Amino acid sequence: MHWADVIARQLLERRPDHVLATAITPSGPIHVGNMREVLTSEAVHRAIQDQGGESEFIYIADSYDPLRKVYPFLDESAYAPHVGRPLAEIPCPCGGHATYAEHFLEPFLAALFDMGITPRVLDAHMMYKDGAYQETILRALAATDRVREIIERVSKRQLPKGWIPFNVQCQDKSCGSLDTTPLAYIHPIVTYRCKRCDLEAEVDITRPGVGKLPWRIDWPARWSFLGVTFEAAGKDHHASGGSWDTGQEIARTVFDTEPPMGLLYEFIQLKGKGAMHSSTGTTVSAEDMLRITPPEVLRFLIVRNDPRKHIDFDPGLGILNLVEDYDRFERVHYGKEEEGTGIKDAERVYALSQPHRVRAQMPVQVSYRHLVTVVQMAESDDDVIHILARAGEIPSDLPDADRKHILERAAHVREWLARFAPEDVKFQVQKEPPVFPTDADDRMLYSRFVDVLESVAEWRGDKIHDAVYEALTDLGLKAGEGFRAVYRAILGKDRGPRAGHFLASLPRDWVVERFRHYAGEEATTGTQERA
RNA sequence: GGGCUCAUAGCUCAGCUAGGUAGAGCAUCCGGCUUUUAACCGGGCGGUCCAGGGUUCGAAUCCCUGUGAGCCCGCCA
């Protein structure tokens, strides 16, 4: 059984209705690892519904968290003054969003939407300001000693003298820092000193929005007032003595709430670079990831792997394998291929990978690897379809849905080529003849190309291929050597797409002229290394 | 010091909450191919399932111990 169904079954044994929570701090570009948390939860959400249960899926944007430091991607002088202030109260890096938090949240939520994920989005800043946390804040403060004891015992950490389970937000409107020291707490008044602006002042904690619960209390607090019954969390939270452990106990003893079922999920590693961290730059943002990977394939990556196993993600050639694995699951799903080894829960994984619904008919498949070539030959979307149809790789009466699907994939391929593809899979038609040394044999070959291409009956891929092949067998050359000459002249490299159709996609006169360049004596002057 | 995960073919891994004669892809080797974007087609080679113990008629699979590796443990997925 698929892991999402196993978890759903366990949840439904407890009760018929569930609230699944997922939360992310929008302190920087939200990376593909964060995507795992959301997608893992969403798979469980769907599984609960598929088993007849009720499920609500919420996403909490931790926008009231303070800016911890000036991250490497931020302007030092512009953001240094904002350290300590809530992400929802400081400016957007690009100026195009209302707040810093929005800047990172907006593209991430858009990416989620593209993957068919539409959680109920809750904004922590707003929940604090609206008083949603109010009851839990008062309970936590009333139980300060108990909370302190739990955290110190479970996490084996010493809390400072005078610590209270509440971070006051500096009441100076021009400051607003959450980095404050409590001086005294005599209910309902907390006296504090701001570490940022040195203000010493009092706040009435019965007023909403005057501060924030520290993470270890915030987490169980929201379980309590949102009724969370399941929450996946990263392995960092699940380390022994971590916030998961303290949260369990605080939920039960301070908030009288049964904590949710947890699920530890492993990190996604960037191949060869280790875990992703927004702060160190070893990261691929979720939006970037979605630009180079079709949404169903990104879902597939996460859904087919057990959450507890780490994923090595290779944004280079690995993407091609990933997409081809997906296509294989698709063929199995539609009964076009046997479910062999290496394929697990094919039906379920495929269904959970779909952003929306499973199509009744199997989508027309085009080898993704091949698309990499086609996209580079084609000048437009129509060209892509034309090239594929010409080679018989798609039916001439291609349904609109398939046309759309193929072109979406082509767009992903283009993005991948521009940003992550290794150089050796790329090619570009050279406007000027590349310079490389030629000898008499080479010149003869090019001369021969000129003759056969001028005389070929029709400027069509198969005809051209036959003509070129004939020319080089006449000269006693191996196919490899002969075709290499074609690619050098056109692309400036030794390899390229299948020659016939490739040349057919270029104007005949231009091709002939290019070969003539290397056939004549005047071309032999080029002795430099080719570019 | 603690936690989680992993250990199966040369490499990457599937199989492990249905215990019942070890699987795939890649690499390699052989054959084919009017050629190729880590080509394609057919075939071959290849494993004490990390070690030890336990449960069982039967263990890669369940349990215990050990070894090795990776990641995590103020905020951090």
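Per chain, numbering begins at 1; letters A, B, ... match sequence-line order. Bear in mind the structure is a predicted one, so any value in this text is a computation, not a measurement.
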Winner on side-chain proximity to A:Ala239, out of B:C72, B:A38, B:G70, is B:C72
Between B:U35, B:U34, B:A77, spot the one nearest the side chain of A:Arg498, thanks.
-> B:U35
SB check A:Asp179 A:Lys195 (cutoff 4.0 Å) = yes
Could you give all pairs that pass the salt bridge (charged side-chain N to carboxylate O under 4.0 Å, His left out) test and reach residues 150-165 of chain A, with sequence neighbours left out?
-> A:Arg148-A:Glu152, A:Glu149-A:Arg153, A:Arg153-A:Glu249
Rounded to the nearest 0.5 Å, the CZ atom of A:Phe230 sits from the CZ atom of A:Phe57 at a distance of 9.5 Å
Choose from B:G2, B:A77, B:C4 the nucleotide whose nearest atom is closest to any side-chain atom of A:Ser240.
-> B:G2
Using the rule for Phe, Tyr, His and the six-membered ring of Trp, do A:Phe483 and B:U35 stack at under 5.5 Å and under 30°?
-> yes
Quick note, A:Ala499 side chain, CB onward, closest among B:U35, B:C71, B:G2 is B:U35
For nucleotides B:G2 and B:A59, find the distance between their C1' atoms and express it as a whole number of Å.
-> 31 Å
Would you call the rings of A:Tyr446 and A:Phe449 parallel, tilted or perpendicular, where under 30° means parallel and over 60° means perpendicular?
-> perpendicular
Looking only at side-chain N and O atoms, does A:Arg68 come under 4.0 Å of OP1 or OP2 in B:C76?
-> no
In terms of the nearest nucleotide of RNA chain B, which residue is placed more toward the 5' end: A:Val6 or A:Trp215?
-> A:Val6
What residues, two or more places apart in sequence or in another chain, satisfy ring-ring contact (aromatic ring centres under 6.0 Å, His included) together with A:Phe166?
-> none
Of the candidate nucleotides B:U34, B:G3, B:A38, which contains the atom at the shortest distance from the side chain of A:Lys235?
-> B:G3
Which stems does RNA chain B form, counting runs of 3 or more consecutive Watson-Crick or G-U wobble pairs with both distances under 3.5 Å?
-> B:1-7 with B:67-73, B:10-13 with B:23-26, B:28-32 with B:40-44, B:50-54 with B:62-66
Proximity to the side chain of A:Glu37 - top-ranked nucleotide from B:C6, B:C72, B:A77 = B:A77
